[in-house]
Amino acid sequence: MSLAGSRPIVAIPGPSPVPDRVLRAMHRVSPDIYGEDLASANAALMDGLRWLAGTRGKVAAFIGNGHAAWEAASANLLSPGDAVLVLVSGRFGEGWAELLRAQGIAVEVMDCEADAPDPSRLAARLAEDRARAIRAVCVCQIDTASSVQADIAALRQAMGDHPALLMVDAIASLGCAPMRMDDWGVDVLLAASQKGLMCPPGCCFLWLSDRAAAMPATPLTSPWWDMRPRLRADQLWQFWGGTPPVQHIFGLTEALAIMREEGLEQVWARHRALADCVAAAFECWAAGGDIALSVVRPQARAASVTAVRLAGADALRGWLELRAGLTLGIGLGAADPANALRVAHMGDAGAVQVLGVLAAMQAGMAALGIAHGPGALDAAAAVVAVRA
Ligand SMILES: *Cc1c(COP(=O)(O)O)cnc(C)c1O
């Protein structure tokens, strides 16, 4: 028998759940795209996105997903043959490096395994670069596959006076983990609409420091991807390189309103508490089964997603979908994907949802005979009790 209700829970790390308020805001016919109302809504949205990223810099908007954000960044700021250092902590870092390589960029990977990039290792590598040949350092703030979270402020500090651009993929972290782009000295920040921003996939953004925004086009800059006409646009169609994504403008505006009402610090603290809640449960389960958090050091664990090794993960995911109405993330990038999974706590997530996910998982493990240690739900509830 299935005990799934009518509203399934999808706890995959993107696209994340879209709040009802956002869905309702998007459920509108398109107004005149040449009218004043939409242009001013768009301008207000960009101000909101600056607030979210902690920057007074510029935003370039594109219709596209996270991969499009990657390509937008390099197509605007890098040239074939440029040396770029990519700090890789998981499959998404690898994917970014692959895209850069395909654009003819001379990629060097610093493999950080399933741990946060070590700032002193970055400092040492850049110190060797006496010719200052490295043009950019690229890093995912959260690698969604391994669930590693990098310390962006520490990495920037480690760069010292090296002139490389710091490019940060915040696709799975913006709106989930702290981001203070200007204070930290990030040059280029990338994000897309469908993760912490709680909207459907379809829009991506580059936030640019003054230095990055002033850089000239490169041989990789094609007319549509060029951010410069977008940055100096005085009409909405120029801003988006054509028809604006009208309903996304409404949806993103509502998502930002939700975050403003909660408070940004509170949004970040909620994600951290939920991540700790999930980790507490897994630590208990791990004590009595072939189960382990992918990220060993608590300081390197992501706020928005938790990746684990769990013997029987595929069977468990199947059981949960059918019997409990819960979908968990696949073991993307894991050494043994059939025995790995990811639990998302990204965007529109709360205590009831996460405690429900963990309780359903425990039910599934019991039903399937997957060995697991005791006390996980008590430990998860205790985190909520202390932090709520
Ligand atoms: C999801 C994700 C991407 C890719 O985004 P798509 O929308 O799937 O193209 C890139 N980087 C990170 C960190 C992500 O989480």
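One-based numbering, in listed order, for ligands and for the atoms of each. It should be emphasised that the depicted structure is a prediction, and the values quoted were computed from it without experimental measurement.
With sequence neighbours left out, Asp32 forms a side chain to side chain donor-acceptor pair (under 3.5 Å) with no residue at all. The side chain to side chain donor-acceptor pair (under 3.5 Å) check on Asp182 picks up Thr55, with sequence neighbours excluded. The side chain to side chain donor-acceptor pair (under 3.5 Å) test applied to Arg297 returns Asp115, not counting sequence neighbours.
For the pair His372 (side chain) and Gln362 (backbone), a donor-acceptor distance under 3.5 Å is absent.
When each of Asp169, Val168, Leu174 is tested with Ile171 by the rule side-chain contact (heavy atoms from CB on, under 4.5 Å), just one qualifies, namely Asp169.
Protein residues are said to neighbour a ligand when one of their heavy atoms lies under 4.0 Å from it; for ligand 1 these are Asn65, Gly66, His67, Trp70, Phe92, Ile142, Thr144, Asp169, Ile171, Ala172, Gln194, Lys195.
Both Trp70 and Leu78 belong to a common hydrophobic cluster when Ile, Leu, Val, Met, Phe, Trp and Tyr are linked at side-chain heavy-atom distances under 4.5 angstrom.
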